[in-house]
Engineer: 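Below is a structure I'd like to ask you about.
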Amino acid sequence: MEPALKKSRSDSKNPYLSHLEDGSDDLESVSSNGLTRRATTVEAVEKAESGPNNPFNNIPFSDKYFAILDGRRQLPVHQQRDEFLKLYHENQIIVFVGETGSGKTTQIPQFVLYDELPHLTNSQVACTQPRRVAAMSVAKRVADEMDVKLGGEVGYNIRFEDCSGPNTMLKYMTDGMLLREAMNDHTLSRYSCIILDEAHERTLATDILMGLMKRIAQRRPDLKIIVMSATLDARKFQKYFFEAPLLAVPGRTFPVEIYYTQDPERDYLEAALRTVLQIHVEEGPGDILVFLTGEEEIEDACRKIALEADDLLREGAAGPLNVYPLYGSLPPNLQQRIFEPTPEDSKSGPGRKVVISTNIAETSLTIDGIVYVVDPGFSKQKIYNPRIRVESLLVSPISKASAQQRAGRAGRTRPGKCFRLYTEDAFRKELIEQTYPEILRSNLSSTVLELKKLGIDDLVHFDYMDPPAPETMMRALEELNYLACLDDEGSLTPLGRKASDFPLDPNLAVMLIKSPEFYCSNEVLSLTALLSVPSIFVRPNSARKLADEIRQQFEHPDGDHLTLLNVYHAYKSSEGTSDWCWNHFLSHRALISADNVRKQLRRTMERQQVDLISTPFEDKNYYVNIRRALVSGFFMQVAKKSANGKNYVTMKDNQMVSLHPSCGLSVTPEWVVYNEFVLTTKSFIRTVSSVRPEWLVELAPNYYDLDDFDNNKEVKSALQKIYQMAARSKKGSRK
DNA sequence: GAGCACTGC
């Protein structure tokens, strides 16, 4: 036996593997990529899995364990365990594709774990997920399957919650969390195997991790990498990962019949309503899922369908129909209603429910009992325009992959039907294959900062699976340079290093780090947390006026940022009860979330030695200090009132914008800083506060260089005056 | 006088 093997055995923290270790017949040594690894055979691992004792903790397996084990061995993926192990032993990287129901997310990590068990020392196996709930629920399931305590041998790690410990060998985590870890440990040295699950979703974090994995793979021949994805673009993953071998496992779903329209639909909303009612009248039992694009559209459709369905029921033309909306900003108790039982059949026809949902039902939420899917072929998608530096949401046609995913939702419990409200020709010729990965649709300033912290110096030649547009990269580098997070050579500055440790956009991070200079880091910390969560204001359709009136009592004349702070302080002094929030039209959920973010940021501040300071509330500069701190991070998001006195013009880009109607400023100040640029029916700036122009030239002289304003005479001359005034007062103060 | 698809640190 090789010395390496002996070493790993004597270091092993799992001394219970005698039956694996001693049964030398079951084991063989395999050499690949210059590294010696011990290969377990299916017979050996199945023996270990069959007990009587759990090899991971030496406790006898429970009866429940064996019941689950039988089910696991029925999963499609189990048939290919042998094949998987062979590939795993012989290769450093494998691409694994398995459709819904194949069991890949729960089983593959266990296959790895049983295989690694003989030589696991202190290393771990990580399996990433794009969503927190998935990481949590899969970890729970796998802990049950392995008959261990969650947080023990099997755990999970997501933002705000680390449920793992010193004994954890398998850790499910969000992709963002692993990326954070990589920022402080560039080779991810604590892991012996990293599994990137749901890679086809192409989240920003997964894309960066994939590029990182390629680099780490070369530096760490001992690291195993498994990329798991849905089938469609397996070739692309293989090619990207040095022609890694592919293992494909069939899913376990029921067939779904696809129907197209003969002619293009002029009005997809109207067509969707008609289709739902037609299914309800003509088709056999089974619930319906309809995909629409947003809250307003969904609520509207729900009302119309409920009205029509009532008529049909009264006429005796159809059975009862319950209609449920489903979208992300719907309160959780209302989201849960989709799981209510389907209404009883009546003489006139089967009882059904119909769920009208955004894309949330495409991946994040699974509803059992869906037999019919209505797919109009649209969704709201984020797009980024680097020219004007604006991210916006646009209703766009979905991709073929997305259409396939939607259809699949009809076949989870029995054969189903999917009604596509577009022609087959349109599906073939007009839909793109895959939704563009997030990296091509986002502002990358956060990502660029992360990459720098990850030790990637040459961002342009980093091996992206899909390289972002050069202009997007330029914008990000330029923004980080103005924020002084990167120097003129593009290297991380001490400020940039600090900023990268905060889970925040760079402008928020810089504002927070600089806030002690303005004697208000306590307040800016609260403000940053409030700006990092969904809106804390609730404005129900039924009580808009009242909600607006109550909001007014918190309003600060100098701007929405200060209003947010006022609300937060009132919330804290009311002891944050949900009744108080309800009565003041505030979202308790958002405020709790802001509190969590605040705590996390505060820990980061302590770690980065950013002091917590407050200006006494009585001080006349209390609010001024906060507004000045705001400018130190948001000087690139400033607008000046335009000549007509109604609109605003953004600095440098010269975009005509309006104050968002939610803005609470009592007067329209000459200069404002804004948190967000929203492009909807027209261009709005949202969450706006008044600032003094002399702060701009004082706090961001590089950005407010007069030579950069030649295309806007009005702004240039205004700035010129301020520079002159500043010079004069400097002279004056010298006397 | 308008709106927040969905995630994540």
Side-chain angles (χ1 to χ4, degrees), chain A residues 128-135 157-162 173-184 198 201-209 291-300 326-330 357-365 378-383 391-396 398 402 405 435 437-439 441-442 446-447 449-450 453-454 499-506 508-509 528-529 532-541 544-545 548 587 590 593 596-597 600-601 603-604 646 658-664 676 678-687:
Chain A
T128 68
Q129 297 293 319
R131 282 168 293 278
R132 283 194 237 168
V133 265
N157 191 5
I158 56 177
R159 188 181 190 182
F160 306 128
E161 201 184 347
D162 183 1
M173 60 207 297
T174 47
D175 47 12
M177 204 71 205
L178 188 62
L179 195 59
R180 280 272 140 192
E181 268 190 43
M183 286 165 66
N184 293 311
E198 314 289 0
E201 288 195 25
R202 304 292 307 277
T203 65
L204 243 171
T206 294
D207 267 24
I208 301 300
L209 280 172
F291 287 100
L292 293 182
T293 66
E295 174 176 341
E296 202 179 316
E297 205 175 85
I298 287 168
E299 292 290 356
D300 192 43
L326 179 64
Y327 43 88
S329 54
L330 195 69
S357 171
T358 60
N359 258 2
I360 194 168
E362 202 180 291
T363 47
S364 309
L365 258 169
F378 293 95
S379 71
K380 273 191 191 170
Q381 288 167 35
K382 183 173 74 180
I383 50 165
E391 279 183 350
S392 51
L393 284 172
L394 195 71
V395 174
S396 328
I398 60 171
S402 187
Q405 176 74 17
T435 309
E438 214 184 342
I439 197 169
R441 300 184 285 121
S442 310
S446 261
T447 306
L449 190 64
E450 282 164 15
K453 184 71 202 311
L454 285 162
S500 72
D501 200 30
F502 287 86
L504 292 170
D505 275 344
L508 282 169
T528 304
S532 309
V533 299
S535 176
I536 59 170
F537 296 106
V538 178
R539 204 162 169 261
N541 276 333
R544 287 185 180 187
K545 239 185 129 188
D548 290 348
S587 160
S593 168
N596 276 328
V597 175
Q600 187 191 29
L601 295 176
R603 282 196 298 275
T604 311
K646 277 186 180 168
S658 307
L659 293 182
H660 194 271
S662 65
C663 174
E676 245 184 323
V678 262
L679 185 64
T680 51
T681 47
K682 53 180 180 174
S683 301
F684 292 104
I685 48 177
R686 189 159 56 190
T687 314

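We name chains A, B, ... by the order of the sequence lines, and we start the count at 1 in each one.
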Engineer: Side chains of A/D501 and A/T604 only: does a donor on one sit below 3.5 Å from an acceptor on the other?
Structural biologist: no
Engineer: Who passes salt bridge (Lys or Arg N to Asp or Glu O under 4.0 Å) against A/E362, sequence neighbours left out?
Structural biologist: A/R406
Engineer: Please confirm whether the shortest side-chain N or O distance from A/R159 to OP1 or OP2 of B/dT7 is below 4.0 Å.
Structural biologist: no
Engineer: A/R686 side chain N/O closer than 4.0 Å to the phosphate oxygens (OP1, OP2) of B/dC4?
Structural biologist: yes
Engineer: Specify the residues of residues 174-183 of chain A, ordered by number, for which at least one heavy atom lies under 4.0 angstrom from an atom of DNA chain B.
Structural biologist: A/T174, A/G176, A/M177, A/R180
Engineer: Mind checking what makes side-chain contact (heavy atoms from CB on, under 4.5 Å) contact with A/D300, not counting sequence neighbours?
Structural biologist: A/R303, A/K304
Engineer: For A/S587, enumerate each residue passing the side-chain hydrogen bond (donor to acceptor under 3.5 Å, both in side chains) test, keeping only those at least two apart in sequence or located in another chain.
Structural biologist: none
Engineer: B/dA2 base to A/R539 side chain: any donor-acceptor pair below 3.5 Å?
Structural biologist: yes
Engineer: Measure from the side chain of A/R131, starting at C-beta and using heavy atoms only, and say which of B/dT7, B/dC9, B/dA5 lies closest.
Structural biologist: B/dT7
Engineer: Can you figure out which of B/dA2, B/dT7, B/dC9 approaches the side chain of A/I360 most closely?
Structural biologist: B/dT7
Engineer: Test of understanding: with ring-ring contact (aromatic ring centres under 6.0 Å, His included), list the residues that count as partners of A/F537, not counting sequence neighbours.
Structural biologist: none
Engineer: Under the salt bridge (Lys or Arg N to Asp or Glu O under 4.0 Å) test, which residues partner A/R131, sequence neighbours left out?
Structural biologist: A/E201
